[in-house]
Number of protein chains: 2
Amino acid sequence: MDTNESVEEAIGLLQQLGLKEYEARCFVGLSRLRSGTAKTLSEMTEVPRTRVYDAVRVLESQGLVEVQHSSPQEFRAVSLEEATETLRDQYEARVERLENALDTIDIVDEGDDTPIQQVWSLSGQNGIENRTDQLIEEATDEVVLVIGDESLLTDDLADSLNEVVSNGVTLIIGALTEPLEDQIQTKVPDATTFITGLEWLHSENATEDETAIGRLLLIDRSTILVSSITSGSKEEQAIFGEGFGNGLVVIARRLMAQGLVPAHDPGQ
Amino acid sequence: MDTNESVEEAIGLLQQLGLKEYEARCFVGLSRLRSGTAKTLSEMTEVPRTRVYDAVRVLESQGLVEVQHSSPQEFRAVSLEEATETLRDQYEARVERLENALDTIDIVDEGDDTPIQQVWSLSGQNGIENRTDQLIEEATDEVVLVIGDESLLTDDLADSLNEVVSNGVTLIIGALTEPLEDQIQTKVPDATTFITGLEWLHSENATEDETAIGRLLLIDRSTILVSSITSGSKEEQAIFGEGFGNGLVVIARRLMAQGLVPAHDPGQ
DNA sequence: CCTTTTTGTGATTAATCGGGTGACTTCTCG
DNA sequence: CGAGAAGTCACCCGATTAATCACAAAAAGG
């Protein structure tokens, strides 16, 4: 809606995608013009005129802008589809090369691992999401999952759940609210669902930096992941433990036995 | 094969993907260790010990490593699959947001366009590739394509070609060598192929900064794209013109009539 | 043809960021 | 309790990047 806001956002995103500020400004500037000269661009983007040339040159070498070598020379941005496709290609190529490089390396050295009680923490919505999916896919016996916020019920997650349930794994999913439970039953029809009775899971009054429950995942009764979301920063943080004897896991099992999952049977 | 080399490459790639040097070093360091402390990591990666903590914290917040809050605390990298998946997600999210932002903007202002003869230049393998594909898909009548190097015959390109040929567009593809022609007939069976007789298209003796032909694309006899590859830098550069009256296009048509495409009939 | 303005290049300065180091507090363990 | 390791901070300095300026080349326009 608000163009100015979107412009700023686009500039920021382009910088996150690796462009410098001037390059980003020039690109969105050109995106709003069918075509423009250095002067036009400079006026519209606040980029010093003499620096427009450098910026555009970089953009051209990345396939985001085309240049007409006349005098004065004119610039124009490639179409939105071409631009995003180019960016995607670029990134995909890098990630693939990274995969290969790390693959040929992975030859680990000294095993610096202590096979005792371990509790790891990780944060970032994305990373936690991926870890969740992976853990679910590795389950052989039982998956217990409690979801605290509907935004966490992604399609990828549903895919993982449906895949594992089709392999004969028992799937028990809890929700904090009834509407959420309905959503779950729609996306993962084969799961046994329930509404958790643990009040402390609910995000109280949404005060400042109140901490709400994110997910709670128990795999084969021996691996657990619990995450929370601070309502202010919306950053998700998780702790994660594995091993049947792991303290965290033991607590989780006890918790479960007590009433998190009401008697293990569906409905009510 | 050579681990050391791969390590360096991985570090470079991670930096291109947005990590700082220390972060990149720490991540590949942890990738070779099942788990490690700040000291271990510092020794292995040449990152000052006191800075390992910052770096790892950032990595954790991005979902690339997990931390055990013991003393001394231990770090470990997530699996290769999780890491690449996380990176992909992150990027995809950014590109999508960019798409939206630019979409709400695109409301162009003053049309600063000159509808006269225009020849644009663009560079970068990726961008040129995308432009090529897009132009092909827009063809309504005829596509003439000459490919100068087999590396340019990508799957995406073949897809575009096959798609457009199924819409009844005449497709004529030239190659510089016979093996290349064979490849083309395999990937795009419905195309009429030939071997170009234009000697200057061939990359002479591969001297220093010799310039070899990349692609030559003529769409509906009114839009043309010609690219070259400097053998040294392997950078691809292209010029691009549209409009039936465009000078560049006129030359291309004449060139074609002369013998680029031998009499327009298949084989020999 | 000469003047004036615009265009493009290059060098130069200023500010920011990231790599690198060391001081200092806290913790662990003998 | 004391030595050494772990962890946190604050700082320095070099490189990158934003920003300005000086100047040559080229158009525009009398």
Side-chain angles (χ1 to χ4, degrees), chain A residues 7-8 11-12 14-30 33 35-62 65-76 112 114 116-121, chain B residues 7-8 11-30 33 35-62 65-76 110 112 114 116-117 120-121:
Chain A
V7 167
E8 289 310 318
I11 292 174
L14 283 166
Q15 286 185 268
Q16 289 187 3
L17 291 168
L19 297 191
K20 304 304 171 198
E21 184 185 331
Y22 284 172
E23 294 158 18
R25 300 193 93 85
C26 283
F27 181 77
V28 315
L30 283 174
L33 249 36
S35 130
T37 67
K39 192 177 181 207
T40 322
L41 243 194
S42 165
E43 284 159 0
M44 133 167 300
T45 60
E46 315 262 84
V47 174
R49 185 185 61 83
T50 62
R51 304 262 91 218
V52 168
Y53 300 97
D54 312 73
V56 164
R57 213 160 279 135
V58 174
L59 289 171
E60 199 238 47
S61 78
Q62 305 219 355
V65 163
E66 29 192 352
V67 178
Q68 186 171 33
H69 292 286
S70 49
S71 180
Q73 49 192 187
E74 295 218 353
F75 314 120
R76 78 178 185 194
D112 196 11
T114 14
I116 52 169
Q117 184 143 318
Q118 294 186 327
V119 178
W120 299 89
S121 79
Chain B
V7 167
E8 288 310 318
I11 292 174
L13 284 165
L14 283 166
Q15 285 184 267
Q16 289 186 5
L17 291 169
L19 297 191
K20 305 304 171 199
E21 184 184 330
Y22 284 172
E23 294 157 18
R25 299 193 95 84
C26 283
F27 182 77
V28 314
L30 283 174
L33 249 36
S35 129
T37 67
K39 192 176 181 207
T40 321
L41 244 194
S42 165
E43 284 160 0
M44 136 169 298
T45 60
E46 314 263 86
V47 174
R49 185 186 59 83
T50 64
R51 287 311 210 77
V52 168
Y53 301 97
D54 313 79
V56 165
R57 212 160 279 135
V58 173
L59 290 171
E60 200 239 45
S61 78
Q62 305 219 356
V65 310
E66 25 192 352
V67 178
Q68 185 171 35
H69 291 286
S70 49
S71 182
Q73 48 192 180
E74 295 218 352
F75 314 120
R76 78 177 186 195
E110 38 181 308
D112 196 12
T114 15
I116 52 170
Q117 184 143 319
W120 299 89
S121 78

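Chain identifiers are assigned alphabetically (A, B, ...) following the order of the sequence lines, protein sequences preceding nucleic acid strands; residue numbering begins at 1 within each chain.
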Could you tell me whether a side-chain N or O of B:Gln15 sits under 3.5 Å from a main-chain N or O of B:Gly12, the two making a donor and an acceptor?
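Checking the backbone N and O of B:Gly12 against the side chain of B:Gln15, no donor-acceptor pair under 3.5 Å is found.
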Spell out, as yes or no, whether a donor-acceptor pair under 3.5 Å connects the side chain of A:Arg49 to the backbone of A:Lys39.
no
With a cut-off of less than 4.0 Å, is there a side-chain N or O of A:Ser71 near OP1 or OP2 of D:dA27?
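Yes, within the criterion.
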Can you tell which of D:dT8, C:dT9, D:dA26 lies closest to the side chain of B:Arg57?
D:dT8
Nearest-angstrom distance from the residue atom [atom1] of [X] to [atom2] of [N]:
X	N	atom1	atom2	answer
A:Leu41	C:dT7	CG	P	12 Å
B:Asp54	C:dC17	CG	C1'	14 Å
B:Gln73	D:dA5	CD	P	17 Å
B:Arg49	D:dG7	CZ	P	8 Å
A:Gln68	C:dT7	CD	P	15 Å
B:Lys39	D:dG7	NZ	P	12 Å
B:Tyr53	C:dT25	OH	P	17 Å
A:His69	C:dG8	NE2	P	11 Å

B:Arg51: salt bridge (charged side-chain N to carboxylate O under 4.0 Å, His left out) partners, not counting sequence neighbours:
none
So do B:Val52 and B:Phe75 actually touch side chain to side chain, heavy atoms under 4.5 Å?
yes
Among B:Glu66, B:Gln68, B:Glu74, whose side chain to side chain donor-acceptor pair (under 3.5 Å) with B:Ser35 holds?
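Filter result, single survivor: B:Glu74.
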Protein-nucleic acid N or O pairs under 3.5 Å, nucleotides 10-19 of chain D:
{"from": "D:dT17", "atom 1": "OP1", "to": "A:Lys20", "atom 2": "NZ", "distance (Å)": "2.6"}
{"from": "D:dA18", "atom 1": "OP1", "to": "A:Glu21", "atom 2": "N", "distance (Å)": "3.0"}
{"from": "D:dA19", "atom 1": "OP2", "to": "A:Tyr22", "atom 2": "OH", "distance (Å)": "2.8"}
{"from": "D:dA19", "atom 1": "O5'", "to": "A:Tyr22", "atom 2": "OH", "distance (Å)": "3.3"}

